[in-house]
Protein chains: 2
Amino acid sequence: MSTPSETKILKQFGATLRAERLKAELSQEALAELADLDRTYVGGVERGERNISVLNIVRLAKALGIPPGNLLKNV
Amino acid sequence: MSTPSETKILKQFGATLRAERLKAELSQEALAELADLDRTYVGGVERGERNISVLNIVRLAKALGIPPGNLLKNV
DNA sequence: GTGTGACTTCTAGTCCGTT
DNA sequence: GAACGGACTAGAAGTCACA
């Protein structure tokens, strides 16, 4: 949760999430609301500062209309 | 983390993990060691009792030699 | 070799705000 | 709109003894 390799994984996940969110033309705020999560939390995840859990990965994926596995594409 | 639909997701994830572990012909114990996790923790995830985080998903996937996204295939 | 309950520590996740 | 901070609560992480 703080080793360099873990940081890399979280950053990569966050980058993928951000890319998908932008592709869907949503603001962090809008995505957060769709996924029923806090806006500051979504921001933290995109910045690679949070170790998100499966249930929330699925929530975000559903809100984005993509398969959850896609968010792990580049990790 | 306790609604029926969430339970379903966790159980499905656990089932996929178990299937991949068996395909790799590993015991929970062996997989746990490869992933540097506790044996009882892995068991709990397979039974759908734990809402695992990304980092641990990646650890398990690496230990299994599969892309992390595969574990979310059926959720 | 696996399931289960119980437990502690640490962080996920929320809510308030400011830059 | 997004980054960032503080303070807080729910829950994940991690381990153990026993069946």
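Order of the sequence lines fixes the chain letters, A, B, ..., with proteins taken first and strands second; residue numbering starts at 1 for each chain.
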> Can you tell me how far P of C:dC7 sits from CG of B:Asp38, to the nearest Å?
Replying inline: 18 Å
> Checking only heavy atoms, does the side chain of B:Arg18 share a donor-acceptor pair with the base of C:dG3 at less than 3.5 Å?
Replying inline: no
> Within the structure, does a side-chain N or O atom of B:Arg21 lie under 4.0 Å from either OP1 or OP2 of C:dT2?
Replying inline: yes
> Where the side chain of A:Leu37 is defined as all heavy atoms beyond and including C-beta, which of D:dG14, C:dT14, D:dA3 is the nearest nucleotide?
Replying inline: C:dT14
>> On DNA chain D, does the nearest nucleotide to B:Thr40 precede the nearest nucleotide to B:Val45 from the 5' side, or the other way round? Give the residue.
In response: B:Val45
> Where the side chain of B:Tyr41 is concerned, which of D:dG1, C:dT4, D:dG14 is the nearest nucleotide?
Replying inline: D:dG14
> Toward the 5' end of DNA chain C, which comes first, B:Ser53 or B:Glu29, by nearest nucleotide?
Replying inline: B:Glu29
> Is A:Glu33 paired with A:Arg39 through a side-chain N to carboxylate O contact shorter than 4.0 Å?
Replying inline: no
> Within this structure, what is the CD-to-P distance between A:Glu33 and C:dC15, rounded to whole angstrom?
Replying inline: 12 Å
> Between B:Arg47 (CZ) and C:dG5 (C1'), how many Å, whole number?
Replying inline: 11 Å
> How long is the line joining CG of B:Asn56 and C1' of C:dC10, in whole Å?
Replying inline: 13 Å
> Nearest-Å distance, CG (B:Leu55) to P (C:dT11)?
Replying inline: 11 Å
> Roughly how many Å is it from CD in B:Glu49 to P in C:dG3, rounded to a whole number?
Replying inline: 9 Å
> Starting at the 5' end of DNA chain C and moving along, which residue's nearest nucleotide shows up first, A:Ile52 or A:Arg39?
Replying inline: A:Ile52
>> Between A:Asn51 and C:dT11, is there a contact of a side-chain N or O with OP1 or OP2 at under 4.0 Å?
In response: no
>> What is the separation between atom CD on A:Glu25 and atom C1' on D:dA2, rounded to the nearest whole Å?
In response: 18 Å
